[in-house]
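First up is the structure itself, then whatever we jot down about it.
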2 protein chains.
Amino acid sequence: MESKNAIEALGALAQETRLAVFRLLVKAGAAGMTAGTIARTLEVAPSTLSSHLSILERAGLLQSWRVQRQIFYAADYDGVRDLLAFLTEDCCQGRPEICAPLAGSVAAPNRPTEKTGASR
Amino acid sequence: MESKNAIEALGALAQETRLAVFRLLVKAGAAGMTAGTIARTLEVAPSTLSSHLSILERAGLLQSWRVQRQIFYAADYDGVRDLLAFLTEDCCQGRPEICAPLAGSVAAPNRPTEKTGASR
DNA sequence: TCCATATTTCGACAATTATCGAAATAAAGG
DNA sequence: CCTTTATTTCGATAATTGTCGAAATATGGA
């Protein structure tokens, strides 16, 4: 994944409503949900939701398909996986022990000993 | 990690200059780099960089400390780890097989395929 | 103290984003 | 063909973000 795609995916998730949509669709699983149901569940105007859905889809995080009059959306796990891979590769840079996050708290070695909180 | 923090971290990385800063600092490792060096390396105005650095730091992705006249910045691996954990937990929702392939890039050790208790 | 260096804060501006109603498009069924 | 339902596109507006110069703050040295 190039960083341009990563930025698109990160930005897609970095917004309250869109993150809520994504989490909802992950819960919904492969069956997905229709645009209308999502809009009612999250209480956002259909046109607003539509814009968010297209941003998420363009970022590769959702898939959609039409069934009769309704359009279903579901989380696209490939997209998420790509994003996670980008972040871990970026983060780990040949030091897998640092980020191997999924195993749950691995003690972090080597951090600067003094924090100043120097800005602000 | 609550979703508010996650949104802050995602948003912090979802910007070209800031992602570049972060990647640069990951490469630099625990030694970190001074604000001035980062600014010269990435060719951004010091005041612009300063704003980006504070956004990244507020999001928990950087740490900073002063050494004499200069302020060093380094990637904060805890922050990244928290973000990754948030994303994977969100994404996997009881279906670890979906996102687990991430393990490939991180050399993650034996995760149980089923959690029996403790997960919040 | 005064000067030079390193960085941040402030203030302004342009660009982008989020929101939502109204109108347009798409599909199904009389 | 007309109506109803589901969704998107368009257009306007308010809010947020990214940028950078100028001024302010912090540090160290002569």
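Side-chain atoms are counted along with the backbone in the values below, which use heavy atoms only and exclude waters and symmetry mates. Naming: A, B, ... by sequence-line order, numbering from 1 per chain.
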Side-chain donor/acceptor pairs under 3.5 Å, residues 38-49 of chain B, sequence neighbours excluded:
{"residue": "Thr41(B)", "atom": "OG1", "partner": "Thr37(B)", "partner atom": "O", "Å": "2.7"}

message: Please give me the minimum heavy-atom distance between Trp65(B) and Tyr73(B), naming the atom from each residue.
response: CZ3-C, 4.2 Å
- line: Whether each nucleotide of nucleotides 10-18 of chain C has a protein heavy atom under 4.0 Å at its base (B), only at its sugar-phosphate (S) or at neither (-) is summarised, 5' to 3', as --------S
task: Determine the contact category for Ser54(A): base if any of its heavy atoms lies under 4.0 Å from a base atom, sugar-phosphate if only primed atoms, P, OP1 or OP2 are that close, otherwise nothing.
output: nothing
- request: Sequence neighbours left out, what passes salt bridge (charged side-chain N to carboxylate O under 4.0 Å, His left out) with Arg69(A)? Give chain and number order.
  value: none
- line: Across all chains, not counting sequence neighbours, the side chain to side chain donor-acceptor pair (under 3.5 Å) partners of Glu57(A) are Ser64(A)
task: Please check if Met33(A) and Phe72(A) belong to a single hydrophobic cluster, counting links between Ile, Leu, Val, Met, Phe, Trp and Tyr side chain heavy atoms closer than 4.5 Å.
output: no
query: Can you check side chain to side chain contact (heavy atoms under 4.5 Å, CB included) on Leu56(B) and Leu13(B), steps first, answer last?
result: CA-CA 8 Å; Leu56(B) 283 162; Leu13(B) 292 175; 4.1 Å; yes
- prompt: Apart from Ile55(A) itself, which Ile, Leu, Val, Met, Phe, Trp or Tyr residues share its cluster (side-chain heavy atoms under 4.5 Å, direct or through members)?
  reply: none
message: Under the criterion side chain to side chain contact (heavy atoms under 4.5 Å, CB included), I'd like the reasoning laid out for Val67(B) against Gln70(B): C-alpha separation, chi angles, the key distance, then a yes or no.
response: CA-CA 5 Å; Val67(B) 173; Gln70(B) 333 200 65; 5.5 Å; no
- prompt: Who passes salt bridge (charged side-chain N to carboxylate O under 4.0 Å, His left out) against Arg66(A), sequence neighbours left out?
  reply: none
Spacing of Arg66(B) atom CZ relative to dT5(C) atom P, expressed in whole Å: 16 Å
- prompt: For Leu49(B) and dT7(C), what is the distance between atoms CG and P respectively, to the nearest whole Å?
  reply: 9 Å
field: Interface residues of residues 69-76 of chain A with DNA chain C (non-hydrogen, below 4.0 angstrom)
entry: Arg69(A)
field: DNA chain D: 5'-most and 3'-most nucleotides touching chain B, 4.0 angstrom heavy-atom criterion
entry: dG18(D) to dG28(D)
field: Inter- and intrachain pairs under side chain to side chain donor-acceptor pair (under 3.5 Å), touching residues 6-19 of chain A, at least two apart
entry: Arg18(A)-His52(A)
statement: 5'-most contact on DNA chain C (nearest-nucleotide basis), Glu43(A) vs Ser50(B), goes to Ser50(B)
